[in-house]
Asks: 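One structure is given below, represented as structure tokens, and several questions about it will come after.
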Amino acid sequence: MSFFWILLTIVVLQRLVELILAKRNENKLKAKGALEFDRNGYRVIVAMHFAFFLSLVTEKVTLQRELSKFWVAFLILFFIAQFLRYWAITTLGINWNTKVLVLPNHEIVTKGPYRYLRHPNYIAVIIEIASIPLIFSCYFTAAFFSLVNFLLLKRRIRIEEDALLKI
């Protein structure tokens with residue numbers, strides 16, 4: 001099995017485990033009275049991530065993309081994103097989710113990576129969406145999905161910030 005398929009399998013398995021964790025956290029949060037915001041936007045984000053993986057595989061296989069000469073640097077960026085992602089997930093605990101769920105009378109988290117960054121998990125996603133395809137010279141996937149991801153996250157952050165202020 002090539003490095004591409006190994007890395008892709010690891011990332012897809014990570015996302016599946018994260019979805020299971022998110023669903024468990026969602027059930028706990030909703031049992032405590034959390035409100036969900038932007039269901040339709042969430043569906044678009046899920047579709048974008050699915051299309052990202054499909055585009056990555058299609059570009060890599062169809063255009064026979066090879067490892068970038070800078071693949072080590074891009075892989076290091078990917079690992080930095082993983083560290084940041086799991087630091088954010090661990091810091092938020094039950095409050096981490098792939099959906100926008102807000103508990104009444106919540107407190108804004110200001111520890112862990114949130115001490116330094118307002119949205120560390122989203123920064124990790126931005127780095128991943130760019131770095132994974134760049135490792136394999138999949139420039140179309142990196143550029144197109146970085147732009148789409150930026151636009152979706154810009155909207156989502158605005159909705160999330162509004163939700164945090166409302167409740």
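Note that the coordinates shown come from a computational prediction; the quantities given were computed from them, not determined experimentally. For reference, positions follow the sequence shown, starting with 1.
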Asks: Membership question, hydrophobic clusters at under 4.5 Å side-chain separation (ILVMFWY): are I6 and L16 in the same one?
Replies: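 L16 clusters together with I6.
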
Asks: Show your reasoning for whether side chain to side chain contact (heavy atoms under 4.5 Å, CB included) applies to L63 and F140.
Replies: CA-CA 11 Å; L63 299 178; F140 170 78; over 6 Å; no

Asks: Would R158 and E161 pass as an ion pair if we require N to O under 4.0 Å?
Replies: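 No.
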
Asks: Which label fits F3 and F136: parallel for a plane angle under 30°, tilted from 30 to 60°, or perpendicular past 60°?
Replies: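 If you compare the ring of F3 with that of F136, the planes turn out tilted.
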
Asks: Check the orientation of W87 and F83. Use parallel for under 30°, tilted for 30 to 60°, and perpendicular for over 60°.
Replies: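 Tilted, since the angle between the ring planes falls between 30° and 60°.
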
Asks: Do F37 and V102 have side-chain heavy atoms sitting under 4.5 Å apart?
Replies: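 They are in contact (side-chain heavy atoms under 4.5 Å apart), so the answer is yes.
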
Asks: How many angstroms lie between CG in D38 and CG in L101, if you round to the nearest 0.5 Å?
Replies: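 Separation between the atoms: 11.0 Å.
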
Asks: If I compare all heavy atoms of A81 with all of I127, which pair ends up nearest, and what's the gap?
Replies: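 Residues A81 and I127, closest heavy atoms: CB-CG2, 3.7 Å.
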
Asks: So if you build clusters from Ile, Leu, Val, Met, Phe, Trp, Tyr with side-chain heavy-atom gaps below 4.5 Å, do V100 and L92 land together?
Replies: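 No, no single cluster joins them.
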
Asks: Only one of T110, V109, N121 passes side chain to side chain contact (heavy atoms under 4.5 Å, CB included) with T91; say which it is.
Replies: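 Testing each of T110, V109, N121 against T91, the sole residue satisfying side chain to side chain contact (heavy atoms under 4.5 Å, CB included) is V109.
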
Asks: Quick one: closest heavy-atom pair of A130 and P133, and the distance?
Replies: O-CD, 3.4 Å

Asks: Quick one: pull up CG in L29 and NE2 in H106 and give me the separation to the nearest 0.5 Å.
Replies: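 Going from CG on L29 over to NE2 on H106, the span is 12.0 Å.
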
Asks: What's the shortest heavy-atom distance between I129 and S146, and which atoms?
Replies: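 So the two residues come closest at CG2-N, 3.7 Å.
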
Asks: Would the number of heavy atoms belonging to other residues, nucleotides or ligands and lying under 6.0 Å from NZ of K32 be above 12?
Replies: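 Not more than 12 within 6.0 Å, no.
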
Asks: Locate the shortest heavy-atom distance separating S131 from L77; write the atom from each residue and the value.
Replies: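 S131 and L77 have their closest heavy atoms at CB-CB, 4.2 Å.
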
Asks: Taking CD in E66 as the centre, count heavy atoms belonging to other residues, nucleotides or ligands within less than 6.0 Å. Is the count above 12?
Replies: no

Asks: Scan the side chains in residues 41-57 for donor-acceptor partners under 3.5 Å anywhere in the protein, sequence neighbours excluded, and list what turns up.
Replies:
from: Y42; atom 1: OH; to: T98; atom 2: OG1; distance (Å): 3.0
from: R43; atom 1: NH1; to: N40; atom 2: OD1; distance (Å): 2.7
from: S55; atom 1: OG; to: T141; atom 2: OG1; distance (Å): 2.7

Asks: Between CG of N97 and CG of L21, what distance do you get to the nearest 0.5 Å?
Replies: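 Between atom CG of N97 and atom CG of L21 there are 8.0 Å.
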
Asks: Given the rule that I, L, V, M, F, W and Y join up when any side-chain heavy atoms are under 4.5 Å apart, are V17 and Y86 in one cluster?
Replies: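 No, separate clusters.
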
Asks: Got a second to check how far R39's CZ is from K99's NZ, nearest 0.5 Å?
Replies: 7.0 Å

Asks: After noting the C-alpha distance and the side-chain angles of I108 and Y114, does the key distance pass the side chain to side chain contact (heavy atoms under 4.5 Å, CB included) rule?
Replies: CA-CA 9 Å; I108 302 291; Y114 295 90; over 6 Å; no

Asks: So which heavy atom on G93 is nearest to which on N25, and how close?
Replies: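 Result for this residue pair: O-ND2, 3.4 Å.
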
Asks: According to a hydrophobic-cluster definition based on side-chain heavy atoms being under 4.5 Å apart (Ile, Leu, Val, Met, Phe, Trp, Tyr only), do V125 and I132 belong together?
Replies: yes

Asks: Is it true that M1 and L7 fall in one hydrophobic cluster, defined by side-chain heavy atoms closer than 4.5 Å?
Replies: yes

Asks: Please find the pair of heavy atoms, one from I135 and one from W71, that lie closest to each other, and give the distance.
Replies: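 Residues I135 and W71, closest heavy atoms: O-CB, 3.6 Å.
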
Asks: Could you go step by step and tell me if F78 and V11 meet the side chain to side chain contact (heavy atoms under 4.5 Å, CB included) rule?
Replies: CA-CA 10 Å; F78 171 76; V11 173; 3.6 Å; yes

Asks: Test K23 against L19 for side chain to side chain contact (heavy atoms under 4.5 Å, CB included), laying out the working first.
Replies: CA-CA 6 Å; K23 187 62 177 174; L19 287 173; over 6 Å; no

Asks: With rounding to the nearest 0.5 angstrom, report the OH to CG distance, Y122 to N149.
Replies: 10.5 Å

Asks: Quick one: pull up CG in L75 and OG in S68 and give me the separation to the nearest 0.5 Å.
Replies: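 Answer rounded to 0.5 Å: 11.0 Å.
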
